[in-house]
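Heads up: the structure comes next, in structure tokens.
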There are 2 protein chains.
Amino acid sequence: MIKAEKMLRQSGKRVTRQRVLILDIINQTKGHIAAEEIYRLAKQKSPRMSLSTVYRALQVLKKEGLVEGIDLGNDRYHYEIKRQDHHHMVCRGCGKVIEFQCPFGKELMSRLAEENDFEITGVSLTLSGYCPECRRKKAGNSN
Amino acid sequence: MIKAEKMLRQSGKRVTRQRVLILDIINQTKGHIAAEEIYRLAKQKSPRMSLSTVYRALQVLKKEGLVEGIDLGNDRYHYEIKRQDHHHMVCRGCGKVIEFQCPFGKELMSRLAEENDFEITGVSLTLSGYCPECRRKKAGNSN
DNA sequence: ATCCGTTTTGCAAATGGTTTGCACTAAGAT
DNA sequence: ATCTTAGTGCAAACCATTTGCAAAACGGAT
């Protein structure tokens, strides 16, 4: 029994074809994917898949800690497999997203937790700026 | 001429009653405020204020770098006066938001910029977890 | 102060990502 | 194989945010 299946069962959730398919799709995605795109891909394998099932599965998978929703400053949320200590840089020019490792250690987190009397369960660090190409474009035209 | 007024003019934007009022409201807010709430407050002073004006002003003020939109994991965005180096901790229990100073220095930022060949213009760090009260509640009941 | 061109506003309607109600289907325990 | 209950599919609802358009009002020039 794979990890995801176990986690679902342990929380009393059922392991359905749809959930497995949706999780697979997110798994096979390098980086992040939007709900609509998951839906599009899922439909290719399971034509009766509905968009609400995608959203509902996403909620469950998030709550179970298998999947993470991220705000990339777009109009929609994006989802990805929950991993430790990785964050995003979003280019304000082209929207490209670069991932990078968490640059600070546990000491910092526990210091913050202590200083603010807060139990920290999640860290979201998003940098925005400009990638090399967009930097060049910015320098080029004068607007 | 105050800073905000100058910044607006410099970018060819007009300094309207509405924009000034909206900026004032955000300014007077400790922490963050949602568009709907700005609207509610603005209407008290200027009853014909419309919600779309709030949203449009917010866009302008954001683009001019006076105001910042933050995603607190809610269903709506929140806005606050743009300041340097301050971040948020959101309690998953009660939604309370604690602010804290940016815990990493310029060296780290420039290292990240260099390593990823990325010009960093913005940093958003949001921690989530549990405040003391909600931690107690969690320990208390067994769900 | 007034006039004018252009930006903003107010209002109402549209948008669009996400959620929900409900009858039907299918996990998974017995 | 049966039964109970959670999950699905579909269509409709939600609701924060955006948009079209005519009227209002900035602000530069007169």
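The chains referred to below are lettered A, B, ... by the order of the sequence lines, with proteins before strands, and numbering in each begins at 1.
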statement: Winner on side-chain proximity to A:Arg56, out of C:dG21, C:dG28, C:dC11, is C:dG21
Closest to side chain of B:Tyr55, choosing from C:dT19, D:dG27, D:dT17: D:dT17
- request: May I have the distance from B:Arg14 (atom CZ) to D:dG27 (atom C1'), rounded to whole angstrom?
  value: 7 Å
- prompt: To the nearest Å, how far apart are A:Met49 CE and D:dC10 P?
  reply: 11 Å
- request: Ignoring hydrogens and angles, tell me if any N or O in the side chain of A:Arg135 forms a donor-acceptor pair with the backbone of A:Tyr130 under 3.5 Å.
  value: yes
field: Whole angstrom value for the distance that separates P of D:dC10 from OH of A:Tyr39
entry: 7 Å
query: Should we count CD of A:Glu114 as having more than 12 external heavy atoms under 6.0 Å?
result: no
query: For A:Asp75 and C:dT18, what is the distance between atoms CG and P respectively, to the nearest whole Å?
result: 8 Å
- request: Determine: side-chain N/O of B:Gln18 to OP1/OP2 of D:dA25, distance under 4.0 Å, yes or no.
  value: no
statement: Residue pair B:Arg76/B:Val15 against DNA chain D: nearer the 5' end by closest nucleotide is B:Arg76
task: Please state whether the phosphate of C:dT9, meaning OP1 or OP2, lies under 4.0 angstrom from any side-chain nitrogen or oxygen of B:Thr16.
output: yes
field: Distance in angstrom units between A:Glu5 CD and C:dA27 C1', rounded
entry: 12 Å
Salt bridge present between A:Glu64 and A:Lys82 (N-O < 4.0 angstrom): no
- prompt: Looking across every strand, which nucleic acid part, if any, lies under 4.0 Å from A:Val60 by heavy atom: base, sugar-phosphate, or nothing?
  reply: nothing
statement: Per atom distances to the B:Ser52 side chain, the nearest of D:dT8, D:dT18, C:dT20 is D:dT18
message: Using side-chain heavy atoms (C-beta onward) and a distance below 4.5 Å, is A:Ile38 in contact with A:Ile26?
response: yes
- prompt: Tell me: CG of B:Asp71 to C1' of C:dG17, nearest whole Å?
  reply: 14 Å
field: Between A:Glu80 and A:His86: side-chain donor-acceptor atoms closer than 3.5 Å
entry: yes
- prompt: Which whole-number value in Å describes the distance from A:His78 NE2 to C:dG17 C1'?
  reply: 12 Å
- prompt: Under 4.0 angstrom, heavy atoms only, what part of the nucleic acid is B:Arg48 near: base, sugar-phosphate, or nothing?
  reply: sugar-phosphate
- prompt: So what does A:Arg19 hit on the nucleic acid, given a heavy-atom distance under 4.0 Å: a base, only sugar-phosphate, or nothing?
  reply: sugar-phosphate
field: For atom CG of A:Leu58 and atom C1' of D:dG7, their distance in whole Å
entry: 15 Å
query: Is the base of C:dG28 touched by the side chain of A:Arg9 through a donor-acceptor pair closer than 3.5 angstrom?
result: no
message: I want to verify a distance call: between D:dT8, C:dT18, C:dG10, whose nearest atom is closest to the A:Ala35 side chain?
response: C:dT18
